[in-house]
Amino acid sequence: MFDKLRNAFSNAAKSLGEKELNEKDIEEILFELEISLLESDVASEVIDSIKSDLKNHLIGSKVSRNEIEKFVKDSLISSISSLFDVAGKVDLFEKINEKKKTGQPFLILFVGINGTGKTTSLAKVAHMLQQAKYSVVVAAADTFRAGAIEQLREHTNRLNLKLVAQNYNSDPAAVARDAVLYAKSHKMDCVLIDTAGRMQTSKNLMEQIAKITKVVNPDFKIFVGDSLAGNDTVNQAREFFEHVKFNGSILTKSDADARGGAALSIVKITSTPVLYVGVGQEYQDLKPFDKETFLETVFGSLSGVDIKEISSEPKPEPKPEPKPEPKPEPKPEPKPEPKPEPEPNSSTNDPFEGINDADIFKYSELYDISLPENDDEAIKLGIKIRDWIKQGRPKPGESKVDKKKEHEEHLSEKEEIKDHKHKQDKEEEKSKKKRGVFGFFKK
């Protein structure tokens with residue numbers, strides 16, 4: 001199992017171990033690795049990712065000649081491990097238990113092309129759930145393929161499970177909906193929905209599966225792929241993921257797969273985990289996919305290799321990238337707003353401490369103030385400017401204080417005018433009297 005993939009990685013590590021590390025040698029070895037991976041049914045996108053990771057690890061690294069092979073092997077393990085870490089893990093039982101708390105059945109939809117072992121994989125999952133004490137109902141929504149309903153009925157009879165089915169050519173979405181209604185009315189835990197196998201290039205059938213998804217709104221969608229189909233399995237996974245957005249995969253016939261590229265490629269392209277691998281024809285021949293087991297199968301013993309430590313290295317790399325984006329830092333620029341804080345500072349002798357030059361210039365211009373000639377005048381002017389700033393920098397005549405002063409000045413002017421007129425009247429009376437007297441004497 002995975003012999004070809006194991007040999008590809010092993011040859012790359014050994015050939016590097018026989019040479020000194022430089023860019024030219026790395027390019028040559030990476031080219032050889034690319035050919036080996038293509039022969040192992042690894043998708044080109046995955047190959048590019050592995051090559052890029054290896055380059056980052058190898059170029060510029062100072063490794064003693066006798067440790068080069070181990071360093072290359074650890075780098076390969078790191079690259080492959082990180083791909084599986086990105087996809088994450090799914091605990092199907094935990095998800096079922098969460099939905100069970102709501103009193104609703106957990107719906108699982110199975111999709112894939114003809115001949116991949118989709119119906120058999122559904123039966124294996126049903127058996128696994130049955131062993132875990134969950135109640136299960138099966139929906140025969142494959143109303144297209146001849147014999148599909150009979151095949152599923154045979155499995156449900158063997159497992160003693162309820163099957164909801166209709167006639168061939170009936171609406172598969174209606175069959176799925178009937179199964180969901182049955183599960184709700186009978187308080188069942190899970191509904192497993194079998195669908196017609198379809199080529200990923202058939203638009204009508206792909207739209208039909210999208211219709212089933214809309215009608216029953218499944219909680220979980222599983223893509224069933226054939227490990228032996230090579231790169232075609234990867235193409236199938238890509239197309240089904242586009243239309244259905246499945247949550248995980250089951251790879252069948254893994255016991256006969258000597259390459260192992262399909263699992264690696266599906267995880268990389270869809271960023272969804274491989275849930276289980278089929279390793280035989282019996283109901284119990286469904287094993288949870290395990291990253292460590294996969295790495296051991298491909299690379300041999302992992303003794304001396306800390307997978308967690310290595311696989312965590314690629315993760316911090318993308319994180320620092322967004323950090324050097326302190327673009328939102330222009331916000332502290334509004335700091336030069338000490339305008340509302342022009343309080344005098346007793347610790348200094350500057351009467352204009354805390355006042356902007358622009359405010360001093362504006363105030364002197366508005367109120368026609370000349371430069372102070374001594375400290376007392378400067379202190380008084382500083383106090384006036386601070387009061388002016390606190391009032392919102394009003395123009396002459398706008399502030400209450402100015403208006404009050406103007407009113408007082410206006411009253412005082414009126415009084416002065418009255419006094420002046422009064423004095424004039426008195427002087428005129430005196431002059432009249434004088435004229436009268438002088439006139440009398442003249443006469």
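- Remark: the S254 side chain and the S227 side chain contain an N/O donor-acceptor pair separated by less than 3.5 Å.
- Residues S265 and V46 come closest through the heavy atom pair CA-CG2, 3.6 Å.
- Taking OG1 of T195 as the start and CG of L122 as the end, the distance is 9.0 Å to the nearest 0.5 Å.
- Looking at D285, its side chain does come within 3.5 Å of a backbone N or O of E282 through a donor-acceptor pair.
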- Message: Test side chain to side chain donor-acceptor pair (under 3.5 Å) on D189 and S135; report intermediate values, then the result.
- Response: CA-CA 5 Å; D189 297 326; S135 54; 3.2 Å; yes

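- When each of K89, K268, E292, K291 is tested with F84 by the rule side chain to side chain contact (heavy atoms under 4.5 Å, CB included), just one qualifies, namely K291.
- Under the 3.5 Å distance criterion, with hydrogens and angles disregarded, a donor-acceptor pair is assigned to the side chains of S79 and D53.
- Taking 4.5 Å as the limit, every side-chain heavy atom of T143 sits out of range of all side-chain heavy atoms of Q166.
- The aromatic rings of F289 and F294 are tilted relative to each other, their planes meeting at an angle between 30° and 60°.
- Looking at Q130, its side chain does come within 3.5 Å of a backbone N or O of L159 through a donor-acceptor pair.
- Between the side chain of S52 and the backbone N or O of D48 there is no donor-acceptor pair closer than 3.5 Å.
- Here the straight-line distance linking atom NZ of K124 with atom NZ of K287 works out to 10.0 Å at 0.5 Å rounding.
- Contact annotation: the side chain of R238 never approaches that of T270 to less than 4.5 Å [non-hydrogen atoms, C-beta and beyond].
- Proximity of a side-chain donor or acceptor of T156 to a complementary backbone N or O of R153 within less than 3.5 Å is detected.
- Taking every heavy atom of both residues into account, K118 and V111 meet most closely at CD-C, 3.5 Å.
- Using a 3.5 Å distance cut-off with no hydrogens or angles, the side chains of Y168 and D142 do not pair a donor with an acceptor.
- Distance alone, capped at 3.5 Å, places no donor-acceptor pair between the T116 side chain and the G112 backbone.
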- Task: Could you give me the CA-CA distance, side-chain angles and deciding distance for Q284 and Q131, then say whether side-chain contact (heavy atoms from CB on, under 4.5 Å) is met?
- Result: CA-CA 10 Å; Q284 62 270 20; Q131 294 298 305; over 6 Å; no

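- Proximity of V136 to H127: side-chain heavy atoms (C-beta onward) are nowhere separated by under 4.5 Å.
- Here the side chains of M128 and Y283 are not in contact, with every heavy-atom distance at 4.5 Å or above.
- To the nearest 0.5 Å, atom NZ of residue K101 and atom CD1 of residue I96 are 13.5 Å apart.
- The main-chain N or O of S170 is never found under 3.5 Å from a side-chain atom of N167 such that the two would form a donor-acceptor pair.
- Shown here is F31, whose CZ atom has no more than 12 heavy atoms of other residues, nucleotides or ligands within 6.0 Å.
- When every heavy atom of A263 is checked against every heavy atom of V274, the shortest pair comes out as O-CG2, 4.1 Å.
- Here the side chain of D219 pairs a donor or acceptor atom with the backbone of L107 at under 3.5 angstrom.
- Remark: K162 is positioned above the aromatic ring of Y182, its terminal NZ or CZ atom under 6.0 angstrom from the ring centre and at most 45 degrees off the axis.
- P105 and V191 get closest at one heavy-atom pair: CB-CG2, 4.1 Å.
- Annotation for K99: atom NZ counts as buried by contact number, over 12 foreign heavy atoms lying within 6.0 Å.
- N247 is linked by a side-chain hydrogen bond (donor to acceptor under 3.5 Å, both in side chains) to nothing, counting only residues two or more places apart in sequence or in another chain.
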- Do S249 and L275 pass the side-chain contact (heavy atoms from CB on, under 4.5 Å) test, and can you show the C-alpha distance, the side-chain angles, and the key distance before you say yes or no? CA-CA 6 Å; S249 306; L275 305 170; over 6 Å; no

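- Between F240 and I113, the closest side-chain pair of non-hydrogen atoms falls below 4.5 Å.
- For the pair K245 and F241, the cation sits on the ring face: its NZ or CZ lies under 6.0 Å from the ring centre, inside 45° of the axis.
- Atom CG of residue N217 and atom CG of residue L109 lie 10.5 Å apart, to the nearest 0.5 angstrom.
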- Under the salt bridge (Lys or Arg N to Asp or Glu O under 4.0 Å) criterion, do R177 and D171 qualify, and how do the steps go? CA-CA 10 Å; R177 186 187 58 215; D171 185 1; over 6 Å; no

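- Using a 4.5 Å cut-off on side-chain heavy atoms (C-beta onward), V164 and V138 make no contact.
- Residues passing the salt bridge (Lys or Arg N to Asp or Glu O under 4.0 Å) test with E98, sequence neighbours excluded: none.
- Residue F220 holds its CZ atom at 9.5 Å from CZ of F110, rounded to the nearest 0.5 Å.
- A donor-acceptor pair is defined here as one N or O able to donate and one able to accept, closer than 3.5 Å; no such pair exists between the side chain of S81 and the backbone of S78.
- Note that CD1 of I108 is 5.5 Å distant from CG of L129, once rounded to the nearest 0.5 Å.
- Residues V234 and V42 are not in side-chain contact: their nearest non-hydrogen atoms beyond the backbone lie 4.5 Å or more apart.
- Between G225 and T233, the closest heavy-atom pair is CA-CG2, 4.2 Å.
- Taking all atoms of both residues into account, the shortest heavy-atom contact from A126 to L161 is CB-CD1, 3.6 Å.
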- Just do the salt bridge (Lys or Arg N to Asp or Glu O under 4.0 Å) check on E154 and R158 with the steps written out, would you? CA-CA 6 Å; E154 181 64 26; R158 289 182 182 179; 3.3 Å; yes

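- With a 4.5 Å cut-off on side-chain heavy atoms, K100 and F106 do not count as touching.
- When L92, V224, L251 are each tested for a side chain to side chain contact (heavy atoms under 4.5 Å, CB included) with Y276, only one passes: L92.
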